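On a predicted model such as this, the values are computed, not experimentally measured, just so you know.
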Amino acid sequence: MSRSRRPANTVRLNESQRRHLAVFLEQLEEALGEIERLADLPARPARLLEDVRDLNPQFGTAVRDRVLDLRERIGELADRLGLEPRVQSRQRRVAALVSRAIVDLEDAGSRGLAGYGEVDPGVAREIDPALAEMVSRLEAIAARLRSPE
């Protein structure tokens, strides 16, 4: 849904509560983007984070040699010190992302919003069930990680 065609909001949130909830949902979007990357899925645009392409068009060309030089220096130093690469399991990374997202969503609803002022009754009626459904879907992703096929 585009930002210009939002339905009327039936839940009242103060500005701090709105930011609190938005941060958790934005973090979930970032986790989903990382899961997409790790699973070699096409990335979908985030709804709550707009990537503004505001770098000067010549920036990439201007810094390419410096970036390559820094990567070389990292490699040389790692070789000299005998540093080995850290091996990262994609499965463990996805499991960690899902677990963190579940914990965050459980803190994002009416219980978490209470720390930012009086909570509108609509939160328990509309937001909490929506967050619980998201948690359920994340749990399904976690279950799929544990399945042999």
Side-chain angles (χ1 to χ4, degrees), residues 1-55 57 59-60 63-64 67-68 70-75 77-79 81-149:
M1 177 181 303
S2 82
R3 292 186 177 120
S4 61
R5 290 181 281 187
R6 283 185 275 185
N9 189 358
T10 58
V11 178
R12 287 185 328 267
L13 299 173
N14 65 38
E15 192 56 37
S16 294
Q17 291 169 334
R18 187 176 310 286
R19 278 193 309 268
H20 175 79
L21 184 57
V23 164
F24 283 116
L25 294 176
E26 183 182 315
Q27 289 172 344
L28 175 57
E29 279 191 320
E30 287 180 32
L32 294 173
E34 179 70 0
I35 290 169
E36 287 170 333
R37 185 188 72 74
L38 293 167
D40 297 320
L41 297 172
R44 306 260 319 192
R47 167 63 177 80
L48 292 172
L49 180 62
E50 185 176 343
D51 184 25
V52 178
R53 295 181 165 270
D54 58 351
L55 288 173
F59 178 77
V63 300
R64 180 181 307 137
V67 169
L68 291 173
L70 283 164
R71 287 193 178 279
E72 256 183 58
R73 290 180 188 278
I74 290 169
L77 188 57
D79 289 345
L81 298 174
L83 302 176
E84 295 295 322
R86 181 173 58 95
V87 177
Q88 179 173 297
S89 161
R90 286 186 175 204
Q91 183 170 343
R92 284 191 199 137
R93 179 74 179 127
V94 169
L97 289 164
V98 168
S99 293
R100 178 176 173 217
I102 288 171
V103 169
D104 286 349
L105 286 178
E106 289 171 346
D107 289 341
S110 55
R111 204 177 46 180
L113 293 174
Y116 296 93
E118 185 179 338
V119 177
D120 183 285
V123 171
R125 187 176 60 250
E126 294 184 40
I127 294 175
D128 286 352
L131 296 177
E133 187 174 317
M134 289 179 196
V135 166
S136 175
R137 291 176 184 199
L138 287 164
E139 288 169 340
I141 292 172
R144 183 66 181 110
L145 274 175
R146 294 185 296 271
S147 95
E149 293 181 13

[X] to [Y] - nearest heavy-atom pair and separation:
X	Y	answer
A142	V98	CB-CG1, 3.9 Å
L49	E29	N-OE1, 3.8 Å
Q91	L145	NE2-O, 3.2 Å
P129	A124	CD-O, 3.3 Å

Does the S99 side chain pair with the main chain of A95, one donor and one acceptor, at a distance under 3.5 Å?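 Yes, the answer is positive, given that a donor and an acceptor are paired below the 3.5 Å cut-off.
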
Taking side chain as C-beta onward, heavy atoms only, is [X] less than 4.5 Å from [Y]?
X	Y	value
L131	D104	no
L28	L48	no
R90	D40	yes
R47	L25	no
L21	Q17	no
D107	R111	yes

Are more than 12 heavy atoms, taken from residues, nucleotides or ligands other than E118, located less than 6.0 Å from that residue's CD atom?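 Result for CD/E118: open.
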
Scan N14, L113, V11, I127 and name whichever one has a side-chain contact (heavy atoms from CB on, under 4.5 Å) with V119.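 Running side-chain contact (heavy atoms from CB on, under 4.5 Å) over N14, L113, V11, I127 with V119 returns exactly one hit, L113.
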
Out of L32, I141, L38, which residue meets the side-chain contact (heavy atoms from CB on, under 4.5 Å) rule with L97? L38

Hey, could you give me the CG/CD distance between D128 and E106, rounded to the nearest 0.5 Å? 11.0 Å

Going through the checks in order, is the side chain to side chain contact (heavy atoms under 4.5 Å, CB included) test met by R64 and L68? CA-CA 6 Å; R64 180 181 307 137; L68 291 173; 3.9 Å; yes

Which pairs count as ring-ring contact (aromatic ring centres under 6.0 Å, His included) when at least one residue sits in residues 106-132, sequence neighbours excluded?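 Applying ring-ring contact (aromatic ring centres under 6.0 Å, His included) to every pair that reaches into residues 106-132, excluding sequence neighbours, yields H20-Y116.
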
